[in-house]
Amino acid sequence: MRARSLTAVGSTAGALAKDIASQVRALRPDALLWLTDSAKPEEVASALSDTCGASVGGVSMQGLLGGGGEHGSSSESSSRVVALALSASEGSGATAFHSPPEGLPDLPAESWAAYAAATPDASPHLMLLASPPRTGAFELERWLERLDRSLPWAKKVGGLTAGDERLFVNGVQHDGGAVGLALEGVAMEAASMQGALPIGPSFAITESEGNFIRALDGKEVGEALEPVLDAFRRAPTGNLMAGVSVPTRAPAAGAAAAAPPLSSSPYVVRALMGYNKDHSFLAIGASPDLLEATGARLQLHAFSEENARQELRASAAALAERGPLSGGLMVPCLGRGAGLYGEHDVEINELTRALGPLALTGFLAGGEIGPVGSRTFVHTYTTTIGLLREAAS
């Protein structure tokens, strides 16, 4: 698929909708993912509903990415819309869908049958926008667990929109849940850049209870961690966090393998909730099943601006080795961007410096969806990307 990133600014919702619809029609794409900070997103949705066969969108109020730049919240006198226009090459395509928080995507039965049976090299990949409904909650990570079980080889990238629950599929409004594009016949590179680098050794988790770790390498938690913590206290390198290993799934016998993850030893990074040396426990904000998994490991990590830059550069270099990319979806945490680096466009510039021109569209999110190992997580302080292989001319 070939990607294009578009943006429009308007003083009224009508002018905004007319501008972006005109740009989209000129490209005649097969699929579209859009976001706006307009108070009247239904006008944008209506204008875009007949511009292509598969269109999804949402509202996010904390910043948008598109047209080559990162844009802060719009002023009271104007609104913005960004769009990722996707043009299919032979053998590729896209299907737009909605899912309620308690269900799965409302894809056609024949699509589900084909997707669930797909081998790693033939799996669809998903770009997702999610939001809790106005009067309810959305246990997004549990929803992602169901989706991982149903579509184990699909890469899933996106985020939670910030400040508004309205989502749209082909012009139809939904109250929260998730909307997305299922992309078929495409190669997508996905990465979750968590802004944290490991410090100290990796420990085997040898005893845990819920999200409490009781023993590491067969020792009490304090005995194992104090040397690392002492060194960190003397020379802190950021905000201390916990990394928990995530297993990588092997393909079925005879199936072609999917591209390996960007990290050969992935850890999902989570907040430290509590630590008590005397009572031998470390509480972290991770799912208990991760701590109880066979071979589970813990490694402390440090989050900082400099570590985020280093990780971003390493990920971009790894992506560059895999061949040319057209563009795709980029979702940073609303705590990153100018809030972390002191200026806009730092991450976009790092990616394009390593990978060349990219059509990037996205938004600053209240929770970022992206893979680590064989699972998809909701992250914090993370930038997730789903980049499509450049289509042959």
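All values below come from the heavy atoms of this structure, side chains included, with hydrogens, waters and symmetry mates left out. All residue numbers in this chain count up from 1 along the given sequence.
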task = Determine, for D30 against R2, whether the closest basic-nitrogen to carboxylate-oxygen distance falls under 4.0 angstrom.
result = no
query = Tell me, which pairs form a ring-ring contact (aromatic ring centres under 6.0 Å, His included) where one or both residues lie in residues 55-75, sequence neighbours left out?
reply = none
message = On a heavy-atom basis, which atom in P236 and which in R234 lie closest, and how many Å separate them?
response = CD-C, 3.7 Å
task = Give a yes or no on this: more than 12 heavy atoms of other residues, nucleotides or ligands lie within 6.0 Å of atom CZ of R4.
result = no
inquiry  = Between R389 and E189, does any side-chain N to carboxylate O distance fall below 4.0 Å?
reply    = yes
key: Those residues that, when tested against D106, pass salt bridge (Lys or Arg N to Asp or Glu O under 4.0 Å) (two or more places apart)   = none
query = What residue pairs, at least two apart or across chains, pass side-chain hydrogen bond (donor to acceptor under 3.5 Å, both in side chains) with a residue in residues 284-293?
reply = S287-D289, D289-R375
request  = Give the other cluster members for L160, using side-chain heavy-atom distances under 4.5 Å between Ile, Leu, Val, Met, Phe, Trp and Tyr residues; answer none if it is isolated.
outcome  = F97, L104, L107, W112, Y115, L126, L128, F138, L140, W143, L144, L147, L151, I369, V378
Pairing residues for E102 by the salt bridge (Lys or Arg N to Asp or Glu O under 4.0 Å) criterion, not counting sequence neighbours = none
query = What residues, two or more places apart in sequence or in another chain, satisfy side chain to side chain donor-acceptor pair (under 3.5 Å) together with T361?
reply = S5
key: side-chain contact (heavy atoms from CB on, under 4.5 Å) between F232 and L240, intermediate numbers included   = CA-CA 9 Å; F232 182 80; L240 196 62; 4.0 Å; yes
ask   = Under a 4.5 Å cut-off applied to non-hydrogen side-chain atoms, are L388 and M127 in contact?
value = yes
ask   = How about D148 and T376: does a side-chain donor come under 3.5 Å of a side-chain acceptor?
value = yes
remark   = The salt bridge (Lys or Arg N to Asp or Glu O under 4.0 Å) partners of D164 (sequence neighbours excluded) come to R166
task = Kindly say whether V157 contributes a backbone atom to a donor-acceptor pair with the side chain of E368 at under 3.5 angstrom?
result = no
query = Does the side chain of T382 reach to within under 4.5 Å of the side chain of C333, using non-hydrogen atoms?
reply = no
ring-ring contact (aromatic ring centres under 6.0 Å, His included) pairs, two or more places apart, involving residues 12-41 = W34-F168
key: Side chain S192, main chain P371, donor-acceptor under 3.5 Å   = yes
Taking distance alone, no hydrogens or angles, what donor-acceptor pairs closer than 3.5 Å link side-chain atoms of residues 207-214 to residues at least two apart or in another chain?
from	atom 1	to	atom 2	distance (Å)
N211	ND2	I284	O	3.0

Only distances under 3.5 Å count here; give the side-chain donor-acceptor pairs of residues 336-356 to other protein atoms, sequence neighbours excluded, each with its distance to 0.1 Å.
from	atom 1	to	atom 2	distance (Å)
R336	NE	E347	OE2	2.9
R336	NE	T383	OG1	3.0
R336	NH1	M193	O	3.2
R336	NH1	Y381	O	2.9
R336	NH2	Y341	OH	3.4
R336	NH2	E347	OE2	2.6
Y341	OH	E347	OE2	2.7
H344	ND1	E70	OE2	3.1
D345	OD1	E70	N	2.7
E347	OE1	T383	OG1	2.7
E347	OE2	T383	OG1	3.4
N349	ND2	D345	O	3.1
E350	OE1	R313	NE	3.4
E350	OE1	R353	NH1	3.2
E350	OE2	R313	NE	3.0
E350	OE2	R313	NH2	3.1
T352	OG1	I348	O	3.0
T352	OG1	N349	O	3.2

message = Does R80 form a salt bridge (charged side-chain N to carboxylate O under 4.0 Å, His left out) with D19? I'd like the steps, not just the answer.
response = CA-CA 10 Å; R80 182 180 297 273; D19 187 351; over 6 Å; no
request  = Could you list the residues that satisfy salt bridge (Lys or Arg N to Asp or Glu O under 4.0 Å) with R146, not counting sequence neighbours?
outcome  = none
ask   = Which heavy-atom pair separates L16 from S38 by the least distance, and what is that distance?
value = CD2-CB, 3.9 Å
Let me have the donor-acceptor pairs involving side chains of residues 221-228, under 3.5 Å, with sequence neighbours excluded, atom names and distances please.
from	atom 1	to	atom 2	distance (Å)
E226	OE1	R233	NH1	3.3
E226	OE2	Y275	OH	2.6

query = Between the side chain of T206 and the main-chain N/O of G218, is any donor-acceptor distance below 3.5 Å?
reply = yes
